[in-house]
Structure formats: structure tokens, C-alpha cells
**Student:** 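Just passing along the structure, written as C-alpha cells.
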Amino acid sequence: MKTSVIGFPRIGTLRELKFASEKYFKKEINSEELLQTAETLRKTHWNTQKNAGVDFISSNDFSFYDMVLDTATMLGIIPKRYRELHLPQLDTYFAMARGYQGESGDVRALAMKKWFNTNYHYIVPEIEDDTVIDLSGNKLWEEYEEAKALGIETKPVVVGAYTMLRLCRYTGTKKAADYVDAIVEAYQKLIKKCEESHIAWLQFDEPSIVQDMDKDDIKLFRKIYDAVLPCAKSCKVLLQTYFGDVRDIYQEVIRMPFAGIGLDFIEGKETCHLIETYGFPQDKLLFAGLVNGKNIWKNHYEKTLNMVNTLRNKGIQVVLSTSCSLLHVPYTLKNETRLSQEYVSYFAFAEEKLVELRELSVLAEKENFTSDSVFLSNYNLFTGDRNCTNEEVEKRLSLITDDDYIRLPKRSERQKLQKNVLNLPEFPTTTIGSFPQTKDVKANRSAFRKDEITEQEYVEFNKKKIADCVAWQEEIGLDVLVHGEYERNDMVEYFGEALGGFLFTEKAWVQSYGTRCVKPPIIWGDVYRKMPITVEWSVYAQSLTKKVMKGMLTGPVTILNWSFPREDISIRESISQIALAIRDEVLDLETNGIQIIQIDEAALREKLPLRKSDWYTEYLDFAIPAFRLTHSGVKPETQIHTHMCYSEFTDIIPAIDDMDADVITFEASRSDLQILDSLKDNHFETEVGPGVYDIHSPRVPSVEEIEKALEIMLTKVDREKLWINPDCGLKTRGVPETDASLGNMVEAARKIRSKMASEN
Ligand code: GLN
Ligand code: ZN
């Protein structure tokens, strides 16, 4: 059985591309040196796959920043403001990705968006009314030839025309439909050019077709490929899908002249069922995505081989494939020196997944694989005991009742009580939690990690920082204070380290966007709180002030979404475990005199399933109750806040209200405040703090500007429900701009209060 890899990570095992790119941005190396690094990386990655015996190896999966931006560039989709900088090609590309400020001009970057249900972000191409879509650029062919020169025949991959049309933003009056002919022509040219280069297989990535498709969408897809595919004569086209199943268009695509179709058997719940029901043509190759490209657990060989056999028994020609690009998992276990073998034996990162593909392909050819030693060792892994259960946790979970998900009394009554107890002014001012992480803060944390200072020194430093931060906030005149989060770097890492059941890696980086990588923790076992996590910091901070100190936690959904989840228990169960751990912390904070507790759910929105029909049953139906479980045990007077980074929750507003928090803060300063209309339409009950300024830029908002934003907000939000705050944490900001911005914000709050008072 042949094997295929949809795409391979490109940042380098030790993030070589990141460091080289950043040096290039700082002008410490020139473009040749950067190109050299890139070439070396490509060579390594191809050879790694070749040596592992992969049959279908991708090329053009390399990218200096993002593959959607690469495809846009290939199609000539470059907005005028970037063209007009007249920069060299590579710099125009980086200008779109990161913005440009220099001799040639001053332009902001294109927007960035989450790549489907992953934590990878793509650059959103912009099509202007006068954009001329046409094939330009040679990247695909150059990289193909580069691999060929190394003796490796590759399948170039490119984002397909349908997905491209879906992902672009149309900034003028024209819409996607106006560009169909042009994009079709460009892809026709692309295929012809591949024919000329004698490319045997070409992979079109079309993840957009795993989303809900209506009749028009299907028509559009057909229109594109009915026109494009006839150009392929000897070049075979692989339609590659991932992140779900193609239930809306399956019957169509199996009849279209693709030479191969790649289907996801991991996230595609309906994939098997579709094949069962409608069959799969024997003259096409089925690229069966059975090796998980998104998670780090070893493949269950028995299940996979049984599936392969089921498919082959139907006469289907199977190529064993990853379920999506390996971009979403770290490179290799080889760099993990601290994880014990007991753990490591259960994991497969990208390189280890190549070994799995090979082993599975060999086993699949055996008459009786069940006696093979390779098979048996995998079999034993899954039948043996993994040492990951905690009886106490399971017992606690089993004792949860429906009442534990309900906070009493109802919110409107709590809100009245809280107004009395907390005694805050109208339109209370607050921040989202973190304060600038200046160099000394980072140095202190890092010295402590490296054992260069004692715990006492570490704590003393942070206490001094907290004291300064409290004094600073009092001076600015904020109403609800925070301790500043100086003890945290990445919030999920911070909580994960304090919880039982989590594992941490050393070098297991995954690209999040451009040069930014993250190192998600692994949920190994049942999760529980080992000891109080934040209580000491919050209690100390509260002791310094008469104002209300807000406790600061991360919620269960976010902790889970930013980790590699378990595969042996359901997401629902894992989230509930984490919720119980956070609940313990909430109750401890309350017992220790903290009256307001914020539970951040920054990542709640991002894992919303790709299909609308799954939103509730597959996610919100347990994610929202899990959040409620964290806070349902507090007294009515204790005020629960939550925070979300984006305001893109227009279509799930009832679910957000159903979290039953007392206050929610979110990012609204960059959007057009449309969200507020939707809140109103949905009779949103939670008090709201729509961020009044953008913390992602060092720009200081003026008092007038904030006042104006508040005035608009007041036309849409009930007067007694409005909070005033920045749109996210301040950790990435500098001290001077933070001081000025918060000062202006507090001043704007004063003005609006007196204005409203005089109007009464
Ligand atoms: N409390 C966190 C902070 O202020 C929230 C971070 C986030 O929303 N991403 O940094
Ligand atoms: Zn945020």
C-alpha cells in the first residue's frame, strides 16, 4: 500500500526558519541568506520523508509565512497599496504578511484568521475591484524542480480555487462570483504548466468543502472543476480535503474526473458512512486520511488496518495518508530529553508519523498481520494500562448533578445584590488582567526557571511588582483592580503546570502564524488541582488596596483547546475535569475574600465546529455547562467575569449569555460595534465591557475618541450594564502608552458619568 503526506511542517525542528526570518526582518541577514536557510530546510524535510519511505511527498508546502498568501501571490492577488511600495518580490510578500514601515511607505498587514478549526492562522487575501487574477510566479515549479534535482519526485500542493474564492475578502463592490472565470483560467494555466513540467500528481487542497455547502456552493465547485479538470491530460489531480467530511458534495465529487480523492477519516465523522452508502469508484485512488495530522498520540494500528481492509475489500485502491497536513503537530520526539520513556512510547510527532505510515503500509500487505511483532507492540500499547486515571477525579465527576451546573439566584437578582455590595460607580473601569511584561518581569521568571534565584527571591520580586501595579492603578483611578499577572507567561502553560494530568515538552513547537510558534501542553491523564494556584497572589494584591481586586483565571474550554487532548476519553469528559479543577480555585479565591473573579475563555469561539449542525451537539452543549460548573458554587454577591478575545460570536449570543457570567469583556474596538446591535436584539443579560481601545497597537487613544465610542455604546447597551475597559490584556504593551491610554480611558469614564448625570 502506498503512503502520502498532505504537507510537512516547514519552520524547522529547532525553528530555524523563524530565527532566520526574524534576522532578515531586522536586516541582520540578507535575502540570499534567508533563501539559503529555506532551501536547506526543504531539502531536509523532503529527505526525511523520502528516507521514511513516503510515496507521495508534497512540494510547495514550504512557505515563508503562509500557504494561502503564497497562493494569492501566485494568482496575482496583491492589493494596490502593497504593489505601490515597489519593493522586491519577497519584501512585498512580507509587507502583506506583517505590514511595512520604512522609506517606501507605511502600510498595515493584511488581516489574519484562524485556519478552519486549527490554531494556525492564515493571511486573508484581499481582492479589490481592479484586481486582475492571473497566474504569475514560479514558486511551485521551482520547488518541484528543486526536489527533482535531489532525486525526489513530489506532488506539488496548492490551495484549490474553490477554497481560495471562499477565503478571500472582497473589498470593493465585486463579489466572489465576479472572479470565477478569472480564477478558473488561472488554474487551467497552472495545470497546463504542470503538464509541461511532466508533473505526475498535483494536489488541490479544498478544506472548504468540509463545511456546510448549499446548492449554489455545489454549483460553484462544479463550475470550477468542470472547467479546470479537462486541462489535465497526463498530470493527475488529487482533490485533497481535511478537517471533516464532505457529506454535502460526496456524490458529486466521486463522479468528477479527479484521479485521486483525499478524505479525512479522523475528523470526518461521516466519511465511512458516505463510502458505505455511495461507494467509491475503483478507477480512482482513495487517499485515506487515517493517521491523525492534528494530535500527537500514536496511531491505533488495529483499527487503521481493519479500516484499510474494509476499504480494499470493496475493491477500492487505497493510499494511506495523514488526515491533514502535519503542520499542526511538532516535528520530532527526538528533541524531548526530559519526558520519560513511559510517556514517549505513546506519542508520534510528525517524523514518528512517517514511521507509522510506513509500518502500516508494510503490515497492510501481510496475509496475517496480527502475529507481526511491530503490530503486537502497538497492540499492547492500546490494550495495556496507561497509568492515567485518578479515581478521585472519576468519583467526583460521577457525583456531579444537574444542579451543579446552575448558579442561583438568577442573574438579574445577583446583579442587584452585587451593585449594593461592590459599591462601584456607574460605568466601572477595569482592565483584562495582565500589565506590561517588562524585561525585568521576564528576566525574573526565567531566572527562577533556571534555578538562578530562590523561590523566595522570585516571589519577593513579583510582590514588589504587584504592589507597584496596584499603586499605579489607584493613581490612574481605575475602579476594579488586578494584580498584573507577572507570574504568567502563557496562561495555559501556567495553569497546566499547576494541574495534575498535564505534560510539557521542551521543543515541541507548532507554527501558529508566520514566525510565531506555540508549545501546547499534552493532556496525559485525569486532570485535578494539586494545590491553590493563584490565591496567594490575589490575596496579597487585595491586601494592598481598599478597592476591589479581581481574581484572574483561565477557563476549562480555553485550557483544553490550547492543549493536545486525550483520545481515550471524550473532550466533554476532559473539559469537565478541568472545570472541576478551576472550580476549586474559584471557591478558594472566594473563601479568601476575593469578590470579583474573572474566568477567561479566550479560545471558546475558535473551536466552534465547522458545520453549523454540530455547533451545539458537538460543542456548546458541554462547553457552556463546563464553564458554569466552574462558578456555580459561589455566593450571589461574588461577581463572575469572563473575557473573550474576539467579538465574533454574533451567531452564538444565546450560548454566551448562557455561560451565566455576571460580566463579559471582549474585543470590539476594531470591529464596527455591530456586535452590540446583536446583543440588544438577543436581549443579552450579561453586563458588558466592549473594549474601548485596541491594545494590539502602541497607539494612545484620546479621551474624545473613547468618549465617542462610549456614547455609541450607550445607544445600544443598557446604562446599568456597561463597563469600561481595554479590549484585551496589556502584557504586550509598554509602560508609557499603557499609562497614557488607561489615564485617558478613566478620564473618558468621568466625563461620560457627569454627562449622563446632568442629562437626568
Ligand atoms: N487575563 C489575560 C490577560 O490579560 C487574558 C488574555 C487573553 O485574553 N488572551 O492577559
Ligand atoms: Zn483577550
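No hydrogens, no waters, no symmetry mates; every other heavy atom, side chains included, goes into these values.
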**Student:** Looking only at side-chain N and O atoms, does Thr438 offer a donor or acceptor that is under 3.5 Å from a partner on Asp440?
**Tutor:** yes

**Student:** Side chain to side chain donor-acceptor pair (under 3.5 Å) for Gln577 and Asp526? Distances and angles first, verdict last.
**Tutor:** CA-CA 7 Å; Gln577 294 180 356; Asp526 290 340; 2.9 Å; yes

**Student:** Answer yes or no: is there an ion pair linking Glu22 with Lys18, defined by an N-O contact shorter than 4.0 Å?
**Tutor:** yes

**Student:** Knowing that exactly one of Val548, Thr638, Val480, Asp479 qualifies, which makes a side chain to side chain contact (heavy atoms under 4.5 Å, CB included) with Leu422?
**Tutor:** Val548

**Student:** I need the single residue from Lys419, Lys721, Arg407 that forms a salt bridge (Lys or Arg N to Asp or Glu O under 4.0 Å) with Asp662. Which is it?
**Tutor:** Arg407

**Student:** Measuring from atom CD1 of Ile599 to atom CD1 of Ile664, what distance do you get when rounded to the nearest 0.5 angstrom?
**Tutor:**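 That separation rounds to 12.0 Å.
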
**Student:** For the rings on Phe243 and His328, is their centre-to-centre separation under 6.0 Å?
**Tutor:**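 When the ring centroids of Phe243 and His328 are compared, they turn out to be within the sub-6.0 Å range.
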
**Student:** Please walk me through it: do Phe347 and Phe564 pass ring pair (Phe, Tyr, Trp, His ring centres under 6.0 Å)?
**Tutor:** CA-CA 11 Å; Phe347 302 146; Phe564 287 116; 9.0 Å; no

**Student:** Within a 6.0 Å radius of atom CD on Glu457, are there more than 12 heavy atoms belonging to other residues, nucleotides or ligands?
**Tutor:** yes

**Student:** Just to verify, what does Arg628 make a side-chain hydrogen bond (donor to acceptor under 3.5 Å, both in side chains) with, not counting sequence neighbours?
**Tutor:**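 Listed in chain order: Asp658.
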
**Student:** Check this for me: does any side-chain nitrogen of one of Arg396 and Asp404 sit under 4.0 Å from a carboxylate oxygen of the other?
**Tutor:**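 Here Arg396 does not pair with Asp404 in a salt bridge, since their nearest N and O are not under 4.0 Å apart.
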
**Student:** Report yes or no: do Glu506 and Thr337 form a side-chain donor-acceptor pair below 3.5 Å?
**Tutor:** yes

**Student:** Using distance alone, with no hydrogens and no angle criterion, decide if Asn561 and Glu606 have a side-chain donor and acceptor under 3.5 Å apart.
**Tutor:** no

**Student:** So does Arg411 pair up with Asp657, basic N to acidic O under 4.0 Å?
**Tutor:**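 Looking at Asp657 together with Arg411, the answer is yes, because their closest N to O distance falls below 4.0 Å.
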
**Student:** Side-chain donor-acceptor pair under 3.5 Å between Asn444 and Lys465, yes or no?
**Tutor:** no

**Student:** Indicate whether the side chain of Thr430 and that of Lys550 have a donor and an acceptor atom separated by less than 3.5 Å.
**Tutor:** yes

**Student:** Can you name the residues that form a side-chain hydrogen bond (donor to acceptor under 3.5 Å, both in side chains) with Ser543, not counting sequence neighbours?
**Tutor:** none

**Student:** Roughly how far, to the nearest 0.5 Å, is CD of Glu336 from OG1 of Thr505?
**Tutor:**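 Rounded to the nearest 0.5 Å, the OG1-CD separation comes out at 5.0 Å.
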
**Student:** Mind checking ring pair (Phe, Tyr, Trp, His ring centres under 6.0 Å) for Tyr343 and listing every partner two or more places apart, or none if nothing turns up?
**Tutor:**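 With neighbours one apart ignored, the set is Trp524.
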
**Student:** Does atom CD of Glu455 have more than 12 heavy-atom neighbours, drawn from other residues, nucleotides or ligands, at distances under 6.0 Å?
**Tutor:**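 No, not enclosed.
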
**Student:** Got a second to check how far Lys607's NZ is from Leu560's CG, nearest 0.5 Å?
**Tutor:**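 Lys607 atom NZ to Leu560 atom CG measures 7.5 Å (nearest 0.5 Å).
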
**Student:** Identify, with sequence neighbours excluded, every residue that meets ring pair (Phe, Tyr, Trp, His ring centres under 6.0 Å) alongside Phe448.
**Tutor:** Tyr458

**Student:** Between SG of Cys645 and CG of Asp600, what distance do you get to the nearest 0.5 Å?
**Tutor:** 7.5 Å

**Student:** Near Glu475 CD, under 6.0 Å, is it more than 12 heavy atoms from other residues, nucleotides or ligands?
**Tutor:**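 Atom CD in Glu475 is not crowded, with 12 or fewer foreign heavy atoms closer than 6.0 Å.
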
**Student:** Taking only Lys NZ, Arg NE, NH1 and NH2, and the carboxylate oxygens of Asp or Glu, determine whether Arg445 and Glu493 approach each other closer than 4.0 Å.
**Tutor:** no

**Student:** Under 4.5 Å between any side-chain heavy atoms of Leu608 and Tyr619, yes or no?
**Tutor:**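 Yes, side chains in contact.
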
**Student:** Do the side chains of Glu648 and Lys113 get close enough for a salt bridge, i.e. N-O under 4.0 angstrom?
**Tutor:** no

**Student:** Check whether any side-chain heavy atom of Tyr693 sits under 4.5 Å from a side-chain heavy atom of Ile695, and report yes or no.
**Tutor:**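 Yes - at least one pair of side-chain heavy atoms lies under 4.5 Å apart.
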
**Student:** To the nearest 0.5 Å, what is the distance between CH2 on Trp562 and CG on Asp490?
**Tutor:** 7.5 Å

**Student:** For atom CG of Asp402, decide whether the heavy atoms of other residues, nucleotides or ligands shown that lie under 6.0 angstrom number more than 12.
**Tutor:**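 For Asp402, atom CG is not crowded (no more than 12 foreign heavy atoms under 6.0 Å).
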
**Student:** If I take atom CZ from residue Arg583 and atom NE2 from residue His631, how far apart are they, to the nearest 0.5 angstrom?
**Tutor:** 10.0 Å

**Student:** Run the salt-bridge test on Glu485 and Lys731 with the 4.0 Å N-O cut-off and return the result as yes or no.
**Tutor:**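 No, this pair does not count.
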
**Student:** Applying ring pair (Phe, Tyr, Trp, His ring centres under 6.0 Å) as the test, list every pair that has at least one member in residues 480-516; sequence neighbours left out.
**Tutor:** His121-Tyr513

**Student:** Just to verify, what does Phe349 make a ring pair (Phe, Tyr, Trp, His ring centres under 6.0 Å) with, not counting sequence neighbours?
**Tutor:**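 With neighbours one apart ignored, the set is empty.
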
